[in-house]
Amino acid sequence: MKKIQIALDGPAGAGKSTIAKQLASHLDYVYIDTGAMYRAVTLAALEQGLDLENGPILGELMKSLDIRLTPGEQGQRVFIGEREVTDAIRTNEVTNNVSFVARQAEVRSALVVAQRKLAERGGIVMDGRDIGTVVLPEAELKVFLTASVEERASRRHRENIARGMDSDLKGLQDEIALRDKRDSERTVSPLKQADDAIYLDTTELNIDQVVARLTELAEGALK
Ligand code: DC
């Protein structure tokens, strides 16, 4: 059967990763979380004490950084070389700094090349901010998932608590609003709905409902 590319974009906390994971498993596709790649670069830059706003320096870092994504039982695992960083890229420090790194053209161009390579054979669900607009403009199915800031913050809050992390709901709302602003206002590949993407507001929908809707859309795109 034909294997298509599915691009899932949207702001932080819209449920993209949970939904992309389930959709990929329904379709027997590979799930690729591109945010994890930006997070891995941010972690490496923080550890090396680099200036996160210096594009050329981060461009040099990209040349030496071997970021690998592999499917695991609990979802995607992330490695820098041989070192696993799946959990290390989810700390607040990385989360609060990733937008600076993600707006550097040198970082984006290197990651876009890697992402296209991962997607070239199809059979993938890729989530991010610029997948439908920049990375895979020819994807057969593009969806822009969103939800209100309040709903997205409470979803992250529940996730943090489930992971045993400290969590402050009001702080999360402020962080998400700020990250939305930085991601949508940056010059290079801002967060933006592709003209041919389907818009889905998930504020009032549960995960099963969203996955069912996307499975329907994917089956439509396969015909
Ligand atoms: O999805 P996430 O929260 O893990 O993404 C982390 C950051 O990376 C987010 O602030 C925006 C950025 N990002 C991006 O600019 N382009 C992508 N394709 C994916 C993520």
Side-chain angles (χ1 to χ4, degrees), residues 5-21 24 31-46 52-53 55 58 62 65 67 69 75-78 80 85-119 124-137 139 142-147 149 151-153 155-157 159-160 163 165 167 172-194 197 202:
Q5 295 177 333
I6 301 178
L8 214 56
D9 289 301
K16 295 188 304 294
S17 62
T18 313
I19 283 151
K21 239 180 268 172
Y31 161 58
I32 298 162
D33 166 10
T34 63
M37 301 169 99
Y38 289 93
R39 287 172 177 272
V41 179
T42 307
L43 175 69
L46 285 167
L52 303 186
E53 306 213 50
L58 294 180
M62 296 309 293
L65 218 53
I67 299 172
L69 307 178
Q76 175 187 264
R77 296 171 71 193
V78 187
I80 299 178
V85 295
T86 309
D87 294 327
I89 60 169
R90 303 282 160 197
T91 61
N92 286 335
E93 196 191 7
V94 172
T95 301
N96 294 334
N97 283 293
V98 63
S99 303
F100 298 110
V101 170
R103 68 178 179 217
Q104 306 305 327
E106 291 84 349
V107 172
R108 301 204 72 85
S109 56
L111 289 184
V112 167
V113 170
Q115 290 156 6
R116 287 189 181 141
K117 209 163 166 45
L118 288 169
I124 55 112
V125 180
M126 187 172 273
D127 96 33
R129 305 293 190 285
D130 60 339
I131 310 305
T133 49
V134 175
V135 181
L136 304 175
K142 299 180 185 178
V143 179
F144 192 86
L145 273 192
T146 190
V149 171
E151 175 62 21
R152 288 187 279 135
R155 289 176 188 171
R156 269 286 142 92
H157 186 58
E159 270 170 32
N160 287 347
R163 282 197 189 118
M165 289 164 62
S167 191
L172 281 172
Q173 284 183 5
D174 295 345
E175 269 168 40
I176 285 184
L178 183 66
R179 208 136 67 90
D180 280 0
K181 187 168 148 60
R182 288 196 200 129
D183 290 343
S184 339
E185 289 180 356
R186 68 173 176 233
T187 347
V188 192
S189 307
L191 168 66
K192 187 171 149 282
Q193 184 182 347
T202 70

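First listed ligand is number 1; within each ligand, the first listed atom is number 1. For the single chain, residues carry numbers from 1 onward in sequence order. The analysis underlying the following values was restricted to heavy atoms, covering all of them including side chains, and did not include hydrogens, waters or symmetry mates.
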Any heavy atom of M126 under 4.0 Å from ligand 1? The part involved is neither
for atom 2 (P) of ligand 1, nearest protein heavy atom and its distance come out as R129 NH2, 3.7 Å
### Backbone or side-chain N or O of R156 under 3.5 Å from ligand 1 N or O
no
*asked:* Side chain or backbone, does Y38 bring an N or O within less than 3.5 Å of an N or O on ligand 1?
replied: no
Between L118 and I124, is there a side-chain heavy-atom distance shorter than 4.5 Å?
no
For M126 and Q115 the tightest heavy-atom approach is CE-O, 3.3 Å
Smallest heavy-atom separation, D33 atom then G35 atom, equals OD1-N, 3.1 Å
Near R108 (heavy-atom distance under 4.0 Å), the atoms of ligand 1 are 14 (C), 15 (O), 16 (N), 17 (C)
key: L191 backbone acceptor or donor facing D183 side chain under 3.5 Å   = no
min-distance protein heavy atom vs atom 20 (C) of ligand 1 -> G35 CA, 3.5 Å
Near S99 (heavy-atom distance under 4.0 Å), the atoms of ligand 1 are 10 (O)
Heavy-atom proximity to atom 7 (C) of ligand 1, picking from V98, V135, V107, D130, points to V98
task = Return yes if a side-chain donor-acceptor contact under 3.5 Å exists between T202 and R155, otherwise no.
result = yes
min-distance protein heavy atom vs atom 12 (C) of ligand 1 -> A102 CB, 3.8 Å
With heavy-atom distances below 4.5 Å as the criterion, would you say the side chains of D9 and K142 are in contact? no
Within-cut-off N or O pair, R186 and ligand 1, under 3.5 Å:
yes
Closest non-hydrogen atoms of A12 and I176, given as atom of the first, atom of the second and distance, are O-CG2, 4.2 Å
Is there a heavy atom in R182 that sits closer than 4.0 Å to ligand 1?
no
Quick look: M37 vs ligand 1, heavy-atom contacts under 4.0 Å, and the answer is neither
So the atoms of ligand 1 within less than 4.0 Å of a heavy atom of G128 turn out to be 17 (C), 18 (N), 19 (C)
min-distance protein heavy atom vs atom 19 (C) of ligand 1 -> T34 OG1, 3.3 Å
So do the side chains of R163 and D87 get within less than 4.5 Å of each other, counting heavy atoms only? no
of all protein heavy atoms, closest to atom 11 (C) of ligand 1 is D183 OD2, 3.4 Å
Here the pair of heavy atoms bringing V188 nearest to R108 is CG1-CD, 3.8 Å
Note: R39, heavy atoms under 4.0 Å from ligand 1, region reported as side chain
Point to revise | Sub-3.5 Å N/O-N/O distance, D127 and ligand 1 | key: no
of all protein heavy atoms, closest to atom 10 (O) of ligand 1 is R179 NH1, 2.9 Å
* Can any side-chain N or O of K16 pair as donor or acceptor with the backbone N or O of D127 at less than 3.5 Å? -> no
Between D180 and R152, is there a side-chain heavy-atom distance shorter than 4.5 Å? yes
